[in-house]
Every structure is written in C-alpha cells, then in structure tokens.
Amino acid sequence: MKLATYNVNGINGRLEVLLRWLDQAKPDVVCLQELKAPDEKFPRRQIERAGYGAIWHGQKSWNGVAILVRGQEPLETRRGLPGDPDDTHSRYIEAAIDGIIIGCLYLPNGNPAPGPKFDYKLRWFERLHSYAAQLLELDVPCALVGDFNVMPTDLDVYKPERWRDDALFRPEVRAAYADLIAMGWTDAIRLLHPDDQIYTFWKYFRNAFARNAGLRIDHFLLSSSLVEQLQACGVDKFARAWEHTSDHAPAWIELDDR
DNA sequence: ATGCCTGGTGGGACCAGA
C-alpha cells in the first residue's frame, strides 16, 4: 500500500494539480488537508473519475480533511477528534482500509504564540494524545497521518534559530509531538532517513522553494505492527514546482501487503 | 526581520495560513 498525505491548500483551487499528481503518483490511499470547502463543494465526481472513492469532512473557507482510496469506498470509522464537543473545526477523519486504521489530521497552526490560537493548538494536541493512546490499546495496525504543523527537531527546519518562538516550533509543541513518539508511535520518514534534511513545506514568498527554505511538518506516525511493514518513503517535490500548486508537497510511505 | 504569496469570501479589503 502506498499511503500519502497532501495538504492541498484548497481542493477546488488546486483540483488540476491534485488530479495530475494522483495520475502520476498513483497512491493507494491519500490523506488530504485544507480542503477549504464545505461538504457540498467537495469535487466528488472528478475524484471518482480519477478512480478514487472518498470520505470528507469539509468546512466553509478553512480546514477540511478527506481520505481517498483507489478503487474502493473508504469505511469511515470516525469524524472529528473526541474530547471537545464544542470544537467546530474540521480537522480529523478516519477510515479502516485493508485492516489498517488510518487517521487523517490537520493540527491547528497555533500562531500567533502565545495567544488563544496557540492555546487551542495545545488543547488539540492533548486530545490527540488521549485518542492516540486509545488507538494503540486496540492492538490494530494504525497510522496517524497528515499536517501536524510541528517541526519535530532542528533538522526539520531550514533556519531553526528563526523559528524558535513560532507556534510550529515552540518547545511546548515539540514536546507534545515527542510525547506521541514516547507513547509508541514511530515517525516513519525519520525512521528511514535519520540524518537527512527532508522538507514537505515551503512558503510561497521570497522564492523559498528554489532556495529550499523549507520545513518538515507533514508526518506519518505508525503503530509498532505497521512499522514492520514499512518499506520506503518519499516527498514528491516535483509537484511543489508546478504552477498554481500548494505550498506543501505530497509525502508518501510504502507498506508491504500482509 | 518581515505573511514578502495565495485562496476564500464576496464583490473590497479582510482573514488565515506557517
């Protein structure tokens, strides 16, 4: 199974780019973030025509997540992260696919920090921590996939010293990410490339992509049984170079079939 | 050092993103 994550930054504005990438990369499962569209504006027919079944949790203007599966309809197991019934953001959707629970998440950005948005990010992280513990207790292969809006270490930032006080890099959020790792989740890309500089996001301005001034913020966290199936990973930087593209590049992992 | 770009909304500048 080739499992990918892609923050599309507007699924309708980037539909041509998304379809082009699906055609070239041919992932089996795709976790999408930042649909920036309400449920009724999800481009279901075009996604179907590309050969993918889909579930989605949209929202007007912002956020929004979806899971695409090639040649089948995803079996939805959850929509919305538990722990706060008043949370109106569409940031989590989950499906069971070929015996694997795949959670697609879009963690809050949290800027400016400190402030209410940063507080919301930390609260969301706490809820994710609680739920991630429940998932591991199920003793089923699980993956938490998506835009975590966290650079886990200095290696994941082009200029760490400039990002120290940013909501994506402050000690609190790096600690929250590290807590997930300590709980038993494995960062798939970092496992396969412990020392390589790998980015998944580049700002639009100041020619950041050409300068490779990037961040690694899109991650695959795998339960221990899934780690055994991990074969390869990559970042499709070629799609970041396209016209009218997202500020993120798609990232993917390859799992062997059991 | 900095939303420097970009999309969405709504029909003009904003808000949000990272």
Determine the interatomic distance between [atom1] on [N] and the same-named atom on [M]; round to the nearest Å.
N      : M      : atom1 : result
B/dG12 : B/dA1  : P     : 39 Å
B/dG3  : B/dA16 : P     : 15 Å
B/dC5  : B/dG10 : P     : 26 Å
B/dT2  : B/dG17 : C1'   : 15 Å

**OP:** Report yes or no: do A/Val8 and A/Leu105 belong to one cluster of Ile/Leu/Val/Met/Phe/Trp/Tyr joined by side chain heavy-atom distances under 4.5 Å?
**Re:** no
**OP:** Please answer: with hydrophobic residues joined when any side-chain heavy atoms are less than 4.5 Å apart, are A/Phe201 and A/Trp242 in the same cluster?
**Re:** no
Tell me the interatomic distance from [X], atom [atom1], to [N], atom [atom2], rounded to whole angstroms.
X        : N      : atom1 : atom2 : value
A/Asp218 : B/dG17 : CG    : P     : 15 Å
A/Tyr106 : B/dA16 : OH    : P     : 12 Å
A/Asn207 : B/dT2  : CG    : C1'   : 16 Å
A/Tyr158 : B/dT2  : OH    : P     : 10 Å
A/Arg164 : B/dA1  : CZ    : C1'   : 17 Å
A/Asp166 : B/dA1  : CG    : P     : 15 Å

Subject >> Of A/Pro38 and A/Asp147, the one whose closest DNA chain B nucleotide lies more 5' >> reply: A/Pro38
Original post:
In terms of the nearest nucleotide of DNA chain B, which residue is placed more toward the 5' end: A/Asn7 or A/Gln59?
Top reply: A/Gln59
Original post:
Does one side chain, of A/His248 or A/Asp218, offer a donor that lies under 3.5 Å from an acceptor on the other?
Top reply: yes
Original post:
Under 3.5 Å, is there a donor-acceptor pair between the A/Arg78 and A/Tyr131 side chains?
Top reply: yes
Please write out each protein N/O paired with an N/O of nucleotides 3-8 of chain B under 3.5 Å, distance rounded to 0.1 Å.
{"residue": "B/dC4", "atom": "O2", "partner": "A/Arg206", "partner atom": "NE", "Å": "3.0"}
{"residue": "B/dC4", "atom": "N3", "partner": "A/Arg206", "partner atom": "NE", "Å": "3.1"}
{"residue": "B/dT6", "atom": "O3'", "partner": "A/Arg14", "partner atom": "NH2", "Å": "3.4"}
{"residue": "B/dG7", "atom": "OP1", "partner": "A/Arg14", "partner atom": "NH1", "Å": "3.0"}

Are any of the side-chain nitrogens in [X] or [Y] under 4.0 Å away from the carboxylate oxygens of its partner?
X        : Y        : value
A/Arg174 : A/Asp156 : no
A/Lys159 : A/Asp154 : no
A/Glu16  : A/Arg20  : no

Need one value for [X]: base, sugar-phosphate or nothing, where a base atom within 4.0 Å counts as base even if backbone is also close, heavy atoms only.
X        : answer
A/Lys121 : nothing
A/Asn63  : nothing
A/Asn149 : sugar-phosphate
A/Phe148 : nothing

